[in-house]
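In listed order, ligands and their atoms are each counted from 1. A quick note: this is a predicted structure, and the numbers were derived from the prediction, not measured.
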Amino acid sequence: MNWPYPRMIAHRGAGTLAPENTLAAIRLGASFSYTMFEFDVKLAGDGVLVLMHDATLERTTDGAGRVAGHAFGELARLDAGSWHSPAYAGEPIPTLERVARWLLRNGLMANIEIKPCPGREAETGAAAALEARRLWRGARALPILSSFSQEALEAARRVAPELPRALLFGELPEDWAQRCLALGCAALAAHEAGLTDPVIAAAHRAGLRVIAYTVNDPARAAALFGWGLDALVTDAVDLIAP
Ligand code: G3P
Ligand code: MG
């Protein structure tokens with residue numbers, strides 16, 4: 001399949017250098033010449049898609065409680081930057097729409113990780129895929145939709161089969177290839193510790209690209225690319241050149 005993506009993808013925008021999953025982080029990643037960005041997307045209580053890793057607000061905002069328990073209007077008032085450092089005080093939780101428009105305007109690419117709140121897997125997968133289709137209509141490179149949730153990816157496939165999918169794994173199960181192929185995935189997205197030369201070769205034989213996360217060691221990145229890895233997700237945007 002068409003694979004217009006770069007080898008290096010910035011994790012949560014710019015890894016740990018800026019508050020994860022904010023537009024400020026993506027801008028910082030872009031300042032290091034990264035051209036593709038992974039970020040986590042879930043539904044606010046009123047169905048708006050927002051960038052947020054955790055199901056709850058405490059770690060990365062000055063709010064409290066569940067993301068799904070708040071309408072976007074409430075989330076938009078939170079400070080999602082101060083927890084990281086004073087320079088980012090007041091940085092808001094962005095919507096998928098806002099981030100998509102900024103990326104497209106700047107000719108940059110996206111890996112949308114669908115990160116459903118518990119119990120909202122299919123709903124989140126379908127909503128993210130429909131919104132991605134709408135926002136990236138006519139774009140040069142479609143966003144890759146990835147998820148640890150097979151249910152979310154199945155729902156995404158049902159509503160927008162043309163968007164490329166990647167199934168995420170922590171530890172690789174025996175049947176990783178069958179699970180990826182059953183979802184019509186373009187890629188296997190695996191924790192880097194489970195990736196070996198034979199695994200990458202087997203994925204390629206199965207017609208799958210391979211994305212590794214989260215690779216922060218330049219020597220490990222070089223080894224993985226030596227085995228034919230297609231792309232990796234990194235926090236080390238300042239250490240590993242895109
Ligand atoms: O998409 C790769 C990586 O982001 C998965 O783990 O927890 O950082 O979302 P996490
Ligand atoms: Mg992620």
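For CZ of Arg59, the number of neighbouring non-hydrogen atoms (other residues, nucleotides, ligands) closer than 6.0 Å is greater than 12. The local environment of CZ in Arg98 is sparse, with at most 12 non-hydrogen atoms from other residues, nucleotides or ligands closer than 6.0 Å.
Taking the six-membered ring for Trp and the full ring otherwise, Tyr213 and His191 have centroids separated by under 6.0 Å.
Ion pairing of Glu38 with Arg12 is absent here, as no side-chain N (NZ or NE/NH1/NH2) approaches a carboxylate O to less than 4.0 Å. Salt-bridge annotation for Arg101 and Glu97: present, with a side-chain N of the basic residue lying under 4.0 Å from a carboxylate O of the acidic one. Salt bridge absent: Arg157 and Glu162 never bring a charged side-chain N and a carboxylate O closer than 4.0 Å.
Take Tyr88 and apply the ring-ring contact (aromatic ring centres under 6.0 Å, His included) test, not counting sequence neighbours, and it matches His84. With sequence neighbours excluded, the residues satisfying side chain to side chain contact (heavy atoms under 4.5 Å, CB included) with Pro173 are Phe169, Asp175, Trp176, Arg179.
Inspection of the environment of the Mg ion (ligand 2) yields the following protein N, O or S atoms under 2.8 Å: Glu38 OE2, Asp40 OD1, Glu113 OE1.
Within 4.0 Å of ligand 1, contacts by protein heavy atoms are made from His11, Arg12, Glu38, Asp40, His53, Glu113, Lys115, Phe148, Leu168, Tyr213.
Taken from CG in Leu51 to CG in Leu23, the straight-line distance is 9.0 Å, to the nearest 0.5 Å.
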